[in-house]
*Asks:* 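Have a look at this one before I ask anything.
If you read the sequence from its start, that first residue is 1, and numbering goes on from there.
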Amino acid sequence: MHSPVAGGKSVPLIPITLATTNDPRTPLYQKTNQVLNAALAELGFALTVVTLPNKRSLSWANLGKVDGKLFRISNLDLAKLPNLEQVTEAIAIVDQSVIGKEHIIVNGWQSMQSYTIAYERGTVFLDKNQARFKGVILVDDFHQAIQLISMDRADITVTSHATANRLLNLSPVKFSDIKIHTPPLVKIKLHTYINKTRHPNLAKQLAQILHTMKQDGRYQQLNQIKSP
């Protein structure tokens, strides 16, 4: 890929790889990918996204095996990840919903005290709130969490509405008694994180580009477009 420059010439875009745990088929992944593709191209980069398990994706981003994280929560503990820098302009704001059987009642964090949650290990905002639940079971992916709920070994899991809806629809008969409960438990801001040893100024530059894209409407347009 090339980027146009003055005089009609073009220069090759610099490859950059960001890691995520999000499924490429989800709207969040697709929209975020589209926005960052456009923003990074303005800065001379060609984006590639790789999907990795939660802990490995963070570790690789911090170690520089990849260039950063596609998105993570705003209060990521950077003291444990000293090579990562947050892009201060949020890339997305998402609802996190409770998924469980029909009898589950959702009324804020206080209603979680009688439930055992199963969730994907490395999900930081849930790691920080483990004490709010009756019990915690860590699993490798969302599908395992749903299976535990189906077998009555866990009461709930928590994920975005889009992720839950897509996966529940893959097995509508098997999981017919499991639903996405409302209202959402919490809304969280997501930010891109860049390895600052590999790209010392990129996080600040990318924050400026994203802010401009939100002001001129390009961010909103890209969030309305479905990826192929």
Side-chain angles (χ1 to χ4, degrees), residues 18-36 49-55 57-58 61 69-76 86-87 89-102 104-109 111-112 115-130 132-133 136-150 154-172 175 178-193 210 214 219-220 222-227:
L18 300 180
T20 185
T21 62
N22 204 254
D23 191 303
R25 293 167 292 185
T26 62
L28 177 61
Y29 175 105
Q30 294 169 2
K31 292 174 182 180
T32 303
N33 196 5
Q34 288 182 151
V35 170
L36 286 177
V49 180
V50 295
T51 302
L52 298 170
N54 255 326
K55 288 189 175 181
S57 67
L58 274 175
K69 287 284 297 178
L70 188 69
F71 51 76
R72 293 289 290 211
I73 60 171
S74 57
N75 60 341
L76 194 62
Q86 183 190 90
V87 177
E89 191 72 29
I91 190 66
I93 300 174
V94 296
D95 291 342
Q96 293 291 303
S97 297
V98 174
I99 293 86
K101 293 189 176 180
E102 293 282 347
I104 297 298
I105 297 172
V106 178
N107 182 26
W109 285 112
S111 62
M112 299 294 101
Y115 300 136
T116 294
I117 184 173
Y119 71 87
E120 187 177 354
R121 54 175 47 87
T123 305
V124 178
F125 91 95
L126 290 174
D127 287 343
K128 292 176 180 290
N129 287 284
Q130 285 188 352
R132 297 177 182 267
F133 301 97
V136 172
I137 303 172
L138 300 181
V139 297
D140 292 330
D141 54 40
F142 175 81
H143 192 265
Q144 288 183 5
I146 291 296
Q147 288 179 316
L148 290 175
I149 294 169
S150 182
D155 299 304
I156 61 169
T157 189
V158 175
T159 191
S160 70
H161 187 283
T163 295
N165 192 55
R166 185 187 65 78
L167 290 171
L168 288 174
N169 286 337
L170 291 177
S171 303
F175 300 133
I178 297 175
K179 61 177 284 189
I180 303 168
H181 291 265
T182 56
L185 180 63
V186 67
K187 287 187 177 184
I188 59 173
K189 285 186 177 182
L190 299 175
H191 295 256
T192 301
Y193 288 83
L210 289 174
K214 290 177 182 179
Y219 174 89
Q220 292 80 0
L222 287 165
N223 267 277
Q224 294 173 355
I225 300 171
K226 287 188 177 181
S227 295

*Asks:* Return the minimal non-hydrogen interatomic distance between Pro53 and Thr21, and the atom names on each side.
*Replies:* C-CG2, 3.8 Å
*Asks:* Are the side chain of Thr163 and the backbone of Ser160 linked by a donor-acceptor contact shorter than 3.5 Å?
*Replies:* no
*Asks:* What heavy-atom pair brings Asp155 and Ile149 nearest, and what distance separates the two atoms?
*Replies:* O-CG2, 3.8 Å
*Asks:* For a 4.5 angstrom cut-off between non-hydrogen side-chain atoms, does Thr116 reach Phe133?
*Replies:*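 Not in contact.
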*Asks:* Counting N and O atoms only, with roles assigned by atom type, does the side chain of His191 sit under 3.5 Å from a partner on the main chain of Asn75, one being a donor and the other an acceptor?
*Replies:* no
*Asks:* Testing the basics here: between Ile178 and Leu168, what is the closest heavy-atom pair and its distance to 0.1 Å?
*Replies:*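 Reported closest heavy-atom pair: CG2-CD2, 4.1 Å.
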*Asks:* For Ile180 and His161, what are the C-alpha separation, side-chain angles and deciding distance, and is it a side chain to side chain contact (heavy atoms under 4.5 Å, CB included)?
*Replies:* CA-CA 7 Å; Ile180 303 168; His161 187 283; 3.5 Å; yes
*Asks:* State whether the side chain of Asn223 and the backbone N or O of Lys31 hold a donor-acceptor pair below 3.5 Å, judged by distance alone.
*Replies:* no
*Asks:* Answer yes or no: does atom NZ of Lys128 have more than 12 heavy-atom neighbours from other residues, nucleotides or ligands under 6.0 Å?
*Replies:*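 Correct, the count exceeds 12.
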*Asks:* Run Ile188 and Val94 through side chain to side chain contact (heavy atoms under 4.5 Å, CB included) and show every step you take.
*Replies:* CA-CA 6 Å; Ile188 59 173; Val94 296; 3.6 Å; yes
*Asks:* Could you go through Ile104 and Val98, starting from their C-alpha distance and side-chain angles, then the distance that decides it, and tell me whether this counts as side chain to side chain contact (heavy atoms under 4.5 Å, CB included)?
*Replies:* CA-CA 9 Å; Ile104 297 298; Val98 174; 4.2 Å; yes
*Asks:* Might you work through the side chain to side chain contact (heavy atoms under 4.5 Å, CB included) test for Asn129 and Met112, ending with a clear yes or no?
*Replies:* CA-CA 10 Å; Asn129 287 284; Met112 299 294 101; over 6 Å; no
*Asks:* Between the main-chain N or O of Pro184 and the side-chain N or O of Ser97, is there a donor-acceptor pair closer than 3.5 Å?
*Replies:* no
*Asks:* Looking at CG of Asp127 and CD of Glu120, how far apart are the two atoms once the value is rounded to the nearest 0.5 Å?
*Replies:* 10.5 Å
*Asks:* Which pair of non-hydrogen atoms, one from Asp140 and one from Arg121, has the smallest distance, and what is that distance?
*Replies:* OD1-NH1, 2.5 Å
*Asks:* If you take all heavy atoms of Gln130 and Leu138, which pair is closest and at what distance?
*Replies:*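 Heavy atoms only, the tightest pair is NE2-CD2, 4.3 Å.
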*Asks:* Only one of Thr123, Asn54, Thr20 passes side chain to side chain donor-acceptor pair (under 3.5 Å) with Arg72; say which it is.
*Replies:* Asn54
*Asks:* Look up atom CZ in Arg166 and atom OG1 in Thr159, then write down how far apart they are to the nearest 0.5 Å.
*Replies:*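 Going from the CZ atom of Arg166 to the OG1 atom of Thr159 covers 10.0 Å.
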*Asks:* Nearest 0.5 angstrom please: Leu190 CG to Leu76 CG, how far?
*Replies:* 11.0 Å
*Asks:* Whether the side chain of Tyr115 engages the backbone of Ala154 through a donor-acceptor N/O pair (distance < 3.5 Å, no angle test) should be reported.
*Replies:* no
*Asks:* Once rounded to the nearest 0.5 Å, what's the spacing between atom NZ of Lys69 and atom CD of Gln86?
*Replies:* 14.0 Å
*Asks:* Find the distance between OH (Tyr119) and CG (Leu126) and round it off to the nearest 0.5 Å.
*Replies:* 5.5 Å
*Asks:* Got a donor-acceptor contact below 3.5 angstrom from the Glu102 side chain to the Lys179 backbone?
*Replies:* no
*Asks:* Is any side-chain heavy atom of Leu148 closer than 4.5 Å to a side-chain heavy atom of Ile137?
*Replies:* yes
*Asks:* So with a 6.0 Å cut-off around NZ of Lys214, is the heavy-atom count from everything else above 12?
*Replies:*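 More than 12 heavy atoms, drawn from other residues, nucleotides or ligands, come within 6.0 Å of this atom.
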*Asks:* Does the Thr32 side chain pair with the main chain of Tyr29, one donor and one acceptor, at a distance under 3.5 Å?
*Replies:*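 It does not hold such a pair.
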*Asks:* If you compare all heavy atoms of Ala118 against all heavy atoms of Thr157, which two are closest, and at what distance to 0.1 Å?
*Replies:*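 Reported closest heavy-atom pair: O-OG1, 2.6 Å.
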*Asks:* I need the Asp23 CG to His143 NE2 distance, nearest 0.5 Å.
*Replies:*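 It comes to 12.0 Å.
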